[in-house]
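Okay, so here's the structure we're looking at.
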Amino acid sequence: NDPSAGARLIASTQAYPHLQYVHEPQPGLAAVRNRALDESAGSRLLAFVDDDGRPGEGWLVGLVACWQATDASAVAGRVLVTYAAEPSSWIVAGGFFRRRSLPTGTIVPIAPAGNLLLDLDRVRDLNLRFDERFGFTGGEDTLFTLQLTRAGGLITWCDQAQVVDQVAVDRINRQWVLRRARSQANTWAQVQQASIRSAGERRRLRMRFGVAGVSRLMAGAAVTGYGIATRSERFDARGRRLVFRGLGLLDAARGKLIREYARGSVSMTDGRSAR
């Protein structure tokens, strides 16, 4: 969904007979995901893979097989991580890019859309869409799948349906991973608020975010101090990540929304429009 349709030439040169290229001019994660829903109006299943993901052998077969075996509303697959450059020992020790692996058939309450199969009949029955308020923050997939399961839908895990995600060079550094920790915590908090209709409950939730943010700041500072004193990269990295998660929750408590996917740079805005 590059506004200038920058991928059109690349897509037009591919030799796959059933390949269809669609240009969605509106930027933002939610806009392109909703366009995919619209373009799949005559289909039963829709699979999402992020632009930096590469499906592994048998990926789609695995997703569909799990869907058939469990009658799930959605199936989430595993994401394996590789690096465009060797990460530092500090980043490895902190587990910043570690992704989960679960036994196939495990029921999960939410799932990211980087490796996700949707049963569109269930999606249409529930009239679900990706919330465009989260188009530049991320979390649109978390809210979508949360709404799906809260409405009675079932999401199952398929560990053998794997996508390989290569981490770009400009992300393999301390500044990026800590900034990401802050934005992810902020987005998680915004998703929790968006799933609640009561204004009073949202206010109480923001107060809890404030308390949780301060707690994480204090705990993170203690863990970081221990890591520095003992020269432990593991404790240093995890402590700093906890500090930045605390900052993200405090941002949310103050109504600040981190627009991580805003064009050009990460930006922070007043979050009232996303509540």
Side-chain angles (χ1 to χ4, degrees), residues 1-56 58-68 70-79 108 110-156 158 161-165 187 191 194 259-263 274:
N1 64 330
D2 172 17
S4 62
R8 187 188 303 277
L9 179 60
I10 296 173
S12 66
T13 62
Q14 303 305 305
Y16 303 104
H18 301 294
L19 178 67
Q20 180 183 2
Y21 169 79
V22 176
H23 177 224
E24 170 53 57
Q26 180 179 338
L29 297 167
V32 74
R33 296 201 193 283
N34 284 331
R35 182 62 181 270
L37 292 178
D38 295 338
E39 294 293 327
S40 305
S43 301
R44 174 70 185 272
L45 299 175
L46 171 63
F48 281 110
V49 178
D50 280 350
D51 56 354
D52 47 6
R54 298 293 180 268
W59 160 74
L60 189 56
V61 171
L63 288 177
V64 175
C66 286
W67 169 73
Q68 291 174 325
T70 61
D71 193 33
S73 304
V75 180
R78 185 180 179 187
V79 176
V108 294
I110 57 174
N115 185 2
L116 183 70
L117 181 77
L118 294 177
D119 184 326
L120 294 180
D121 282 358
R122 309 284 176 84
V123 171
R124 295 182 192 113
D125 287 345
L126 297 173
N127 195 29
L128 288 178
R129 303 281 289 178
F130 291 91
D131 194 325
E132 296 195 6
R133 294 174 297 178
F134 292 87
F136 293 107
T137 65
E140 82 295 336
D141 48 357
T142 302
L143 180 59
F144 182 94
T145 54
L146 178 63
Q147 292 170 332
L148 177 64
T149 55
R150 285 185 174 178
L154 185 71
I155 304 176
T156 59
C158 184
Q162 299 177 353
V163 168
V164 179
D165 178 14
T187 298
V191 166
R259 293 159 53 91
E260 182 178 358
Y261 298 97
R263 302 263 167 165

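Because the structure is predicted, anything quoted here is derived from the model rather than measured.
- Between atom CG of residue Leu37 and atom CG of residue Leu120 there is a gap of 6.5 Å, rounded to the nearest 0.5 Å.
- Distance check: Asp141 CG to Leu146 CG gives 11.0 Å after rounding to the nearest 0.5 Å.
- For residues 8-22, there are no salt bridge (Lys or Arg N to Asp or Glu O under 4.0 Å) pairs, not counting sequence neighbours.
- Scanning all heavy atoms of the two residues, the minimum distance from Cys66 to Cys158 falls at SG-SG, 2.7 Å.
- Residue Ala47 comes nearest to Leu60 through the heavy atom pair CB-CD1, 4.2 Å, listed as atom of the first residue, atom of the second, then distance.
- Taking CD1 from Ile155 and CG from Leu148, the interatomic distance works out to 5.0 Å, rounded to the nearest 0.5 Å.
- Applying the ring pair (Phe, Tyr, Trp, His ring centres under 6.0 Å) test to residues at least two apart or on different chains, none of the pairs has a partner in residues 11-34.
- One distance of note links OG1 of Thr145 with CG of Leu128; it measures 10.0 Å at 0.5 Å rounding.
- For Asp50, the salt bridge (Lys or Arg N to Asp or Glu O under 4.0 Å) test picks out Arg33, with sequence neighbours left out.
- Atom CG of Leu63 is separated from atom CG of Leu45 by 9.5 Å, given to the nearest 0.5 angstrom.
- Considering all non-hydrogen atoms of both residues, Ala31 and Gln26 come closest at CB-O, 3.7 Å.
- Rounding to the nearest 0.5 Å places CG of Leu9 at 10.0 Å from CD of Gln14.
- Asn115 places a side-chain N or O within donor-acceptor distance of the main-chain N or O of Ala161, the cut-off being under 3.5 Å.
- Not counting sequence neighbours, the partners of Arg35 by the salt bridge (Lys or Arg N to Asp or Glu O under 4.0 Å) test are Glu24, Glu39.
- Gly53 and Pro55 get closest at one heavy-atom pair: O-CD, 4.0 Å.
- Here ring pair (Phe, Tyr, Trp, His ring centres under 6.0 Å) pairs that include residues 35-56, with residues two or more places apart or in two chains, are Phe48-Phe130.
- A donor-acceptor pair under 3.5 Å is absent between the side-chain atoms of Thr156 and the main chain of Val75, judged by distance alone.
- In this structure, the salt bridge (Lys or Arg N to Asp or Glu O under 4.0 Å) partners of Arg129, at least two apart in sequence or on a different chain, are Asp38.
- Remark: of the listed residues Leu118, Leu116, Val191, Leu118 is the sole one forming a side chain to side chain contact (heavy atoms under 4.5 Å, CB included) with Phe144.
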